[in-house]
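Chain identifiers are assigned alphabetically (A, B, ...) following the order of the sequence lines, protein sequences preceding nucleic acid strands; residue numbering begins at 1 within each chain.
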Amino acid sequence: MSQRRILVTSALPYANGSIHIGHLVEYLQTDFWVRFQKLRGHECRYMCADDTHGTAIMIRAKQEGRSEEELIAAVQAEHEQDFADFGIEFDNYSSTNSPENRELCNEIWESIRQAGLVKEKNVEQLFDPEAGTFLADRFVKGTCPKCNSPDQYGDNCDKCGATYSPAELIDPVSTLSGATPEVRNALHLFIELEQLHGFLDEWTQSGDALQPEIANYLKGHFLESKDDQGEIEPLRDWDISRPAPYFGFEIPDSPGNYWYVWFDAPIGYIASTKQWCDRTGGNLNDWWRNDDCEVHHFLGKDITYFHTLFWPGMLKTAGYSLPTKVHIHGFLTVDGEKMSKSKGTFVNARTYLKQLDPAYLRYFYASKLSNKVDDIDLSIEEFIAKVNTDLVGKVVNLASRSAKFLAKTGLSEKYPDDGGLFEYASNLGDEIAVAYESCNYSQAMRLIMSLADRANPFVEDNKPWELRKDPENAQRLQDVCTIALNLFRQLAIYLAPVLPKLAEQTGELLGEPITHWDQAAKPQVGTPVNKFKHMLQRIEETKVNAMIEESKEENVAEAATEQVTVTDAWADGGEALANEPLAEECTIDDFMKVDLRVARIVEAAEVPDARKLLKLKLSLGGGVYKQVFAGIKAAYEPEKLTGRLVVCVANLKPRQMKFGLSEGMVAAAGPGGGEVYLLTPDEGAKPGQRLH
RNA sequence: GGCGGUGUAGCUCAGUCGGUUAGAGCAGCGGAAUCAUAAUCCGCGUGUCGGGGGUUCGAAUCCCUCCACCGCUACCA
């Protein structure tokens, strides 16, 4: 097979937080792939970097009273250590705040300018005078200009779905400082992506760079997205600048403006490669401007469109290689649910490492991952069972039960007749390789385990423990164990991309390092066997539980540092308040505008076709009723609501909804979905009474 | 509502360019073994392959339709 040149990247982790087991789904699968390619003898290089720019970093640095540079340096050191300890091996790990990246941003920007893709527009943006910064949409909250719902983010209303600019919000508030933002006009630079529409159609819809479901998604949502008239909508201009102050690179030909973090982040892939080339004497063009070099990106489904529309557009315009393949993966769930801080399933990489061997997670992820965009689930119970059964029970056990019989004699001089076992496993190598190549790791693991399932019965049938009782059987004993150990070695080679440590230990046991996939095709014979040492401990459930507990505690500690003064006996967490900061001060008159009344639910019914709504008939007493649609279906059953008292906003302007007229609101707390909590007045309150 | 996905043994899933009695691992039950990190081996599955209809000599596999769940999107709280 001819040697391929392959450049691989994982998405750049943001320098605003720790690496957790969700991130690792990506870095581990990329590492498997890179190690596989290297083991196959290809020239494969794995590039990554910390993504360091943007408002969030700027704000956090300010909060922590240190410079952005200090912050990102500290976080990067932590990231690199976490990755290294999980066995993730980058050829270069850089930072988007590097001179190489600045230089490449300049160059690519110049190309985009020359191609006539840049246009300037004035944008009204809110500015926080207290924090001294422009506010991204999500840092502004206020009342929706369309439906008057309070507490809406700056880009669209959760309640009525209207989209608007933050400047249109009524009574906007900065979530950073609580100050009232000022509207300021600022010049922004845009890339007219529409000019590349034809290219993107072509690139995304033909060729095999994208998984089919991704190509389809892009087609449906962007490339052939239709407007009301059924016309294909143009691709929207991409706002790629932010006015000062902003932590990032200043745009050379537009002083006072900085590149938006999503402009310079992917360029970090190239910059990291450049850094590596400079360090090792390579030539960047061999990797990024070379049809004979493959470029593979691994990333999560949340950042699909940056990498499948903007990024190829930028590369194309600047004359760099287009991605050969964009490998998009799903998210991690734990026991079937989103990772949860309060449940302790939001596990940081470091917390995991304190209790468990990284090999466990590497193998478990490998056994779950396919080349689909599907989410994968880490079931704690399955995790423990699978790792212990497969790795300890089947694989390592093979060495453990045969190696010690060879300590004195070493491996037989000639590979004995094993009834075709070794050859069978050797022949299966191609199929396993195809599975690895296509990122179908779960299939690769299945195939490998099927070999372990053939090897163990061999040992069973040939009973080395009986052979050793009679010196006359010495040769047979050596032969049987030579076979068992060679079958084990094949497994270790096939598993090497996933379990590099095991491969290393196997190399040490047999005195010959595992460096190439093809070693699995030829038995090792006539060499000494070192003393067998345990290669992998089984997972203890107590350690897993300790990890979960510690993750819970970290969450509490984190919440405590955010809310410094928790002095009451209940010590309620500050999460809810932090998620939804207090609204702007209002007067008693403002409050009196809202007429809150005690009401009784006299009827409650499901609304067919509505996913979240219940239809309520509220009585204010005296025969006065209001019909209200409330989004509480997920939390309450209609039968249980009938008869109970609630608090309602009685003078809310009626709103015509799809299912009928809604004449008020029912007061409830909670983040939504299944977590909605209706308010109930204390006993004695009567329908119709006003709240003061 | 739109787009997409999924639905196969208690659990996790494989199998699907139509073709012998539908598979594996785990769990469970029974037995064996005791070299090995209480690891291993042998045996045990009457599963409406989500429901219904169709095409076909033949469908888990193709087509239609319905249902359930998930994701995105819209509408909506």
Report the distance from atom [atom1] of [X] to atom [atom2] of [N], rounded to the nearest whole Å.
X      : N     : atom1 : atom2 : value
A:K394 : B:A36 : NZ    : C1'   : 16 Å
A:D453 : B:G25 : CG    : P     : 6 Å
A:Y305 : B:G4  : OH    : C1'   : 19 Å
A:I380 : B:C11 : CD1   : P     : 19 Å
A:L369 : B:A14 : CG    : P     : 13 Å
A:Q443 : B:C13 : CD    : C1'   : 12 Å
A:E460 : B:C42 : CD    : P     : 8 Å
A:N456 : B:A24 : CG    : C1'   : 16 Å

Which nucleotide, [options], lies nearest any side-chain atom of [X]?
X      : options             : value
A:M665 : B:U12, B:A77, B:A36 : B:A77
A:R401 : B:C41, B:U12, B:A36 : B:A36
A:R468 : B:G71, B:C35, B:U12 : B:C35
A:R538 : B:C26, B:A39, B:C41 : B:A39
A:E466 : B:U37, B:U34, B:U40 : B:U34
A:P457 : B:U34, B:C35, B:C41 : B:C41
A:N216 : B:U34, B:G4, B:A36  : B:G4
A:R446 : B:G5, B:A36, B:A14  : B:A14

Hey, does [X] reach any base, or is it just sugar-phosphate, or nothing, if we go heavy atoms under 4.0 Å?
X      : value
A:K386 : nothing
A:L536 : base
A:K463 : nothing
A:V396 : base
A:M535 : base

In whole Å, what separates the [atom1] atom of [N] from that of [M]?
N     : M     : atom1 : answer
B:U12 : B:C66 : P     : 28 Å
B:G10 : B:G51 : C1'   : 22 Å
B:G30 : B:G71 : P     : 41 Å

| field | Geometric class of the A:F36/A:Y436 ring pair [parallel <30°, tilted 30-60°, perpendicular >60°] | value |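 Geometry flag for A:F36 against A:Y436: parallel rings.
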
| query | According to the interplanar angle, ranging from 0 to 90°, do the rings of A:F306 and A:W262 count as parallel (below 30°), tilted (30 to 60°) or perpendicular (above 60°)? | reply |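 Answer is parallel, since the angle falls under 30°.
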
Return the nucleotide paired to [N]: Watson-Crick means purine N1 to pyrimidine N3 with N6-O4 or O6-N4, wobble means G-U with N1-O2 and O6-N3, both under 3.5 Å.
N     : answer
B:U6  : B:A68
B:C35 : none
B:C57 : B:G19
B:C75 : none
B:A24 : B:U12

Would you say the side-chain atoms of [X] and [Y] include a donor-acceptor pair closer than 3.5 Å?
X      : Y      : result
A:H327 : A:W33  : no
A:D479 : A:S412 : yes
A:N486 : A:Q490 : no

| query | Side-chain N or O of A:K404 less than 4.0 angstrom from OP1 or OP2 on B:A36? | reply | yes

| query | Taking OP1 and OP2 of B:U73, is either one under 4.0 Å from a side-chain nitrogen or oxygen of A:H221? | reply | no

| query | Mapping A:S442 and A:A385 onto RNA chain B by nearest heavy atom, which one lands closer to the 5' end? | reply |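 Mapping each residue to its closest nucleotide by heavy atoms, the 5'-most match is A:S442.
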
| request: Using heavy atoms to find the nearest nucleotide of RNA chain B for A:K469 and A:D374 separately, return the residue whose nucleotide is more 5′. | output: A:D374

| task | Apply side-chain hydrogen bond (donor to acceptor under 3.5 Å, both in side chains) to the pair A:Y363 and A:D390, showing each step before the final yes or no. | result | CA-CA 9 Å; A:Y363 176 70; A:D390 290 358; 2.6 Å; yes

| Value rounded to 0.5 Å, distance of OH in A:Y352 from CG in A:L361 | 4.5 Å

